Each structure stands twice: as structure tokens, then as C-alpha cells.
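One structure below.
None of these values were measured; they are calculated from a predicted model.
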Amino acid sequence: MTLSPLAQRRLDIFRQHRRGWWSLWLFLTLFGFSLCANILANDKPLVIHFEGHWMFPMLKDYPETRWGGSFLTTADYRDPYVQTLIARHGWMIWPPLRFSDQSINYDLDVPTPAPPSRVNWLGTDDQGRDVLARLIYGFRLSIIFALILSALSSVIGIAAGAVMGYYGGWVDLAGQRLMEVWSGLPMLYLLIIISSMFAPSFWWLLGIMLLFSWMHLVDLVRAEFLRGRNMEYVRAARALGLSDTRIILRHLLPNAMVSTMTYLPFVVTGAIATLNSLDFLGFGLPPGSPSLGELLSQGKANLDAPWLALTAFFSLGTLLTLLIFIGEAVRDAFDPRHTPR
């Protein structure tokens, strides 16, 4: 696919921003690894070859009786007895880390939280769960949550800003007064009240945060539309009989998206910080969910286990730093004052 000269110029500027360019690749690599969390960290084997048959415990639950045991419940593959039964008539391939985000290590020789060891590379939390496994799953959950929230809030915010800026008048005035009232509502207090009324979940939290996060881009898009609606090419489009929808989508929105794109990485950063802040306070995702904020809260509660706080701090700090560097590179790429070297 051939890029336009303007798109090629922006891509060249982005590549020359070495810090942002390498941050993008590092972020994509880490996110790609986290998407394979079930393959990298799991308490079930990837593949089992038993009595001439291929089986995949990650996709289907098998009872212990399938391997020659005595119970009809789902087999515990970390149990040495089950491993011995499978080894008699077959073999299995384990993931690199034999723990999932909810796996508890019952074979610890020290009280929880246990320090890093050859089995638990980053130690365990206060419930005996592997920290590295929860870090991988929590990284994936934070990124997916932030991307979904940023995408939905951007669509709503861009649409609201476009309507307010294009029509102006009483539409703009009513929208501004609504935003002033809505932004004055205490989001944290509302989250606490709603969490006490309903069981917290991923989608409930996403919907609640979406009620407030859509306002980030409204002022930016509104200003671009207010500036562009009286330009000559917009007046010419109206004179030719084009509809308002076509003028907004074809003529004004592409210009407004230039400034919007430079702000999107920072919207993702804010969504991740807000999610982990709520998890740290205990008003975020359901209890037991893998979360960097929950891991940071455990580090605060267990000062004698510094590996918990250090793991959460460096992982969250690295993630937010990468996104900020990417945002700076995108901002420079869309800035008309920058030219490729």
C-alpha cells in the first residue's frame, strides 16, 4: 500500500523520534506476550499425549478418572499423583510458568508472601499466588481495558465535540452547561456508591468510567470545528448543497483528527492510571482479578515483602512511561512545524 506524501512525512518524523519509535516496539512486544498469557503461564499442560490420543487441557476439562485416578472432578495437573498417572501411558508439555493468575502454591516452605525462588520467580503474594503470573495477566487486563475505554470514549467525545462546534449557538451553549455539571460530579464517590449496590465486574466498571471519560476530547474537537466551520471550503460545500453530515465527516473531521490523534496515547495512559488507582483503593475490578493496582495494594499491606511493591511499581511505571514516549512521538509526527531530517 502506497502512503500519501503527508502520511509518509509523518511516518518519517515518528521513526526519527528514536525514543518513541523503540517505545512503540517494546510496548507491542510486551502486549503481544501478555496476549499469550494462557500459553506462557498456566497450571494446565499445553498438550498431553495419552494412550495414543492428543488432548488439550487448556481447551477442555478432563476428570481425574480419564488418567486412571479415582475422582470425577477436574484433574489437578500440578498434583504429583496425577503427573505419575499420565507419565505411565504418555507425556505432556507444560508452559514456561506452571501457574495461572489464580493458582496457589501449596508446597511453600515459608509463610506467604514467599520471596522469589526457582519455582516462583518473583515470589508469591499474601495468598500464595505467583506474582509473575498475576503480573502477566494483569498487564493484559489493564491494556485491554484501557484500549476499549479509550476507543469508546473517543467516539462519544469526538461526536459530541463535532456537533457542538459545527452547529454552535444554543447547541454549543447547552452542551457546555451539561459538561460543566457532569464534570463536577465526584466520580470516586459515585463508584463507591454503585459498587455497594451492584457486584463489581469488568463491564460494569467500564460503563461507569465511560460516563466520565468521554469529555477528554470534547473541547479539543469543538475548537477545531468552531475554527473550521466558517472557512471558505466549508462555505463552498454548503453552497453546493452538501448535507451537514457529509461536511462534518468528509471535510471537517479529518482536520480535527490530526490534533485528536496526538492526544489519544495520553487518554490510554490516563485510563490505565485510573483503573489501577481504583484497584489500589479497592473499588475497581472484582476481588481476585489480576491487577497491577491490587498488587501495589498488597505491597503496601506487606512492607516486609518488598518484591510485591517493587514489581508493581516498575511494571506500572514502565508501562506508563512507554505510552508517554509514544504519545510524544505521535505529537511531533502530527506537528506541521516538525520536518523530517
Side-chain angles (χ1 to χ4, degrees), residues 3-7 9-11 13-14 144-185 187 190 203 206-275 323-324 326-338:
L3 297 177
S4 64
L6 180 59
R9 170 185 173 277
R10 290 171 177 169
L11 181 60
I13 296 176
F14 184 85
I144 293 177
F145 185 94
L147 291 178
I148 296 176
L149 178 62
S150 301
L152 295 178
S153 62
S154 298
V155 171
I156 299 175
I158 291 173
V163 172
M164 293 168 56
Y166 181 77
Y167 291 103
W170 67 268
V171 176
D172 185 29
L173 183 63
Q176 287 292 307
R177 300 294 81 76
L178 175 62
M179 287 185 56
E180 290 176 0
V181 174
W182 198 250
S183 61
L185 297 177
M187 182 181 68
L190 290 179
W203 297 108
L206 181 67
I208 296 170
M209 293 181 63
L210 182 61
L211 293 176
F212 299 91
S213 61
W214 62 272
M215 294 182 289
H216 293 304
L217 298 176
V218 173
D219 292 334
L220 188 64
V221 177
R222 171 181 170 272
E224 293 292 335
F225 272 75
L226 284 174
R227 183 181 63 176
R229 66 174 185 164
N230 293 321
M231 290 187 175
E232 297 297 331
Y233 68 93
V234 176
R235 294 181 179 179
R238 290 199 191 101
L240 291 174
L242 295 182
S243 63
D244 292 341
T245 304
R246 190 175 181 86
I247 295 175
I248 292 175
L249 296 179
R250 290 290 303 274
H251 299 284
L252 289 176
L253 186 59
N255 294 329
M257 288 301 296
V258 172
S259 57
T260 303
M261 288 296 296
T262 63
Y263 200 74
L264 282 180
F266 302 103
V267 174
V268 178
T269 303
I272 294 175
T274 303
L275 173 64
L323 290 174
I324 290 175
I326 295 172
E328 291 177 351
V330 173
R331 182 186 59 194
D332 292 344
F334 282 88
D335 190 348
R337 294 172 299 179
H338 283 77

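The two residues Gly228 and Tyr233 come nearest to each other via the heavy atoms O-OH, 4.5 Å. Nearest heavy-atom pair, Ile248 versus Pro254, reported as atom, atom and distance to 0.1 Å: O-CD, 4.5 Å. Scanning both residues, Phe334 and Thr262, for their nearest heavy atoms gives CB-CG2, 3.5 Å. When all heavy atoms of Val221 and Gly161 are compared, the pair lying nearest together is CG1-C, 3.9 Å.
Residues satisfying the side chain to side chain donor-acceptor pair (under 3.5 Å) criterion with Glu232, sequence neighbours excluded, are absent altogether. Remark: Arg238 pairs with no residue by the salt bridge (Lys or Arg N to Asp or Glu O under 4.0 Å) rule, at least two apart or across chains. Qualifying side chain to side chain contact (heavy atoms under 4.5 Å, CB included) partners for Val163, counting only residues two or more places apart in sequence or in other chains: Tyr167, Val171.
One finds the CG atom of Leu242 at 5.5 Å from the CD1 atom of Ile247 (value rounded to the nearest 0.5 Å). Between the CD atom of Glu224 and the CD1 atom of Ile158 there is a distance of 11.5 Å, given to the nearest 0.5 Å. The distance from atom CZ of Arg229 to atom CG of Leu226, rounded to the nearest 0.5 Å, is 5.5 Å. With rounding to the nearest 0.5 Å, the separation of OH in Tyr263 from CG in Leu220 is 8.0 Å. The distance from the CG atom of Leu252 to the CZ atom of Phe225 is 5.0 Å, given to the nearest 0.5 Å. To the nearest 0.5 Å, atom CD1 of residue Ile324 and atom CZ of residue Arg331 are 10.5 Å apart.
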Enumerate, atom names and distances included, each donor-acceptor pair closer than 3.5 Å involving a side-chain atom of residues 264-275, sequence neighbours excluded.
from	atom 1	to	atom 2	distance (Å)
Thr269	OG1	Pro265	O	2.9
Thr274	OG1	Gly270	O	2.8

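Among pairs with a residue in residues 250-265, none fulfils salt bridge (Lys or Arg N to Asp or Glu O under 4.0 Å), at least two apart in sequence or across chains. Screening residues 212-222 for side chain to side chain donor-acceptor pair (under 3.5 Å) gives Asp172-Arg222 as the qualifying pairs, with residues at least two apart or on separate chains.
Looking only at distances, a side-chain donor or acceptor of Ser153 sits under 3.5 Å from a matching main-chain atom of Ser150.
Between Leu211 and Trp182 there is a side-chain heavy-atom pair separated by less than 4.5 Å. Residues Phe145 and Leu206 have side chains in contact (heavy-atom distance under 4.5 Å, counting atoms from C-beta outward).
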Met164/Met179 under side-chain contact (heavy atoms from CB on, under 4.5 Å): CA gap, chis, key distance, verdict
CA-CA 11 Å; Met164 293 168 56; Met179 287 185 56; 4.2 Å; yes
